[in-house]
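In what follows, a single structure is set out as C-alpha cells and then discussed.
As the structure is a prediction and not an experimental result, all values here were calculated from the model.
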Amino acid sequence: MAAQHSQGIQTLLEAEKEAAKIVQQARQYRVQRLKDARSEASKEIEEYRRAKETEFMAFAASHDGNIFNAQAAVDRETDLKLQAITDAFEANKGAVVTKLLDRVVLIKPELHRNLKKLGGPEVQ
C-alpha cells in the first residue's frame, strides 16, 4: 500500500511539474504576443504618421502661394489706405489749425444761453 501511495504521490508531482511547464509556456507565449502586438502597433503608428505628414506637406505646398498672395493684397490695401489718410491730413491741416486758433484767439463775448432765457443779467 505504501508503494502504491508513493507512486500516486510521484504521479501527482510529475503532473504538477508538467502543469508548471505548461503555465510557463503560456506566460512566455503571452509575453511574446504582447511584444509582437506592440511592435506591430508601433509600425502602424509610424506608417500613419508618415502618411499624414505627407498629406500635410502637400496641403501646405498647395496653399503656400495663396498665403503670400493674400499677404501682398493686404499690404497693398494698407498702403493705399495709409496714403489716403496722409493725403487727407495734408489737405486739411491748415484749415484745422486756423479753426483752432480762431476759437482760442477770436472771442465773442455773449451771454450764456441760460441767462438769455431768464431775461439777461440784473445790474446792481
Side-chain angles (χ1 to χ4, degrees):
M1 178 85 154
Q4 196 178 31
H5 184 62
S6 171
Q7 189 176 4
I9 291 176
Q10 189 65 26
T11 306
L12 284 175
L13 287 174
E14 287 175 11
E16 188 178 335
K17 284 181 185 178
E18 186 64 31
K21 283 181 187 178
I22 292 172
V23 168
Q24 183 61 29
Q25 287 174 348
R27 283 184 182 148
Q28 288 175 349
Y29 178 74
R30 182 177 60 97
V31 167
Q32 186 60 40
R33 292 278 292 161
L34 283 173
K35 285 180 184 178
D36 293 344
R38 282 188 185 132
S39 66
E40 183 68 26
S42 177
K43 287 177 188 175
E44 287 179 15
I45 289 169
E46 184 62 28
E47 186 177 306
Y48 182 76
R49 186 189 63 77
R50 273 187 290 219
K52 285 300 180 182
E53 191 172 287
T54 304
E55 182 181 328
F56 172 73
M57 291 298 188
F59 178 81
S62 69
H63 289 83
D64 210 14
N66 293 342
I67 293 171
F68 290 123
N69 292 340
Q71 183 65 41
V74 167
D75 288 344
R76 281 192 303 272
E77 186 178 338
T78 302
D79 290 341
L80 288 173
K81 286 183 179 180
L82 185 60
Q83 186 60 43
I85 290 170
T86 303
D87 292 344
F89 168 75
E90 290 297 329
N92 296 320
K93 72 178 179 182
V96 170
V97 168
T98 303
K99 284 182 182 179
L100 285 172
L101 286 175
D102 286 347
R103 289 285 183 179
V104 171
V105 175
L106 302 176
I107 300 172
K108 297 179 188 174
E110 53 185 53
L111 294 176
H112 192 272
R113 65 178 178 245
N114 290 338
L115 287 176
K116 288 180 184 177
K117 289 180 183 177
L118 293 175
E122 296 181 17
V123 180
Q124 292 182 356

Donor-acceptor side-chain pairing of Gln83 and Asp79 below 3.5 angstrom: no

Ion pair Glu55/Lys52, N-O distance below 4.0 Å: yes

Interatomic distance, Asp87 atom CG to Leu82 atom CG [nearest 0.5 angstrom]: 9.5 Å

Spatial distance of atom CG (Asn92) from atom NZ (Lys99) [nearest 0.5 Å]: 8.5 Å

Interatomic distance, Ile9 atom CD1 to Glu14 atom CD [nearest 0.5 angstrom]: 12.5 Å

Flag if over 12 foreign heavy atoms under 6.0 Å of CD, Glu16: no

Enclosure of Glu90 CD (heavy-atom neighbours >12, cutoff 6.0 Å): yes

Summary of salt bridge (charged side-chain N to carboxylate O under 4.0 Å, His left out) pairs that have at least one residue in residues 33-45, sequence neighbours excluded: none

Residue list, side-chain contact (heavy atoms from CB on, under 4.5 Å) with Leu34, at least two apart or on another chain: Arg30

CA sep, side-chain torsions, deciding dist, call: Leu100, Val104, side chain to side chain contact (heavy atoms under 4.5 Å, CB included): CA-CA 6 Å; Leu100 285 172; Val104 171; 5.6 Å; no

Residues Arg49 and Glu46 bridged, charged N to O under 4.0 Å: yes

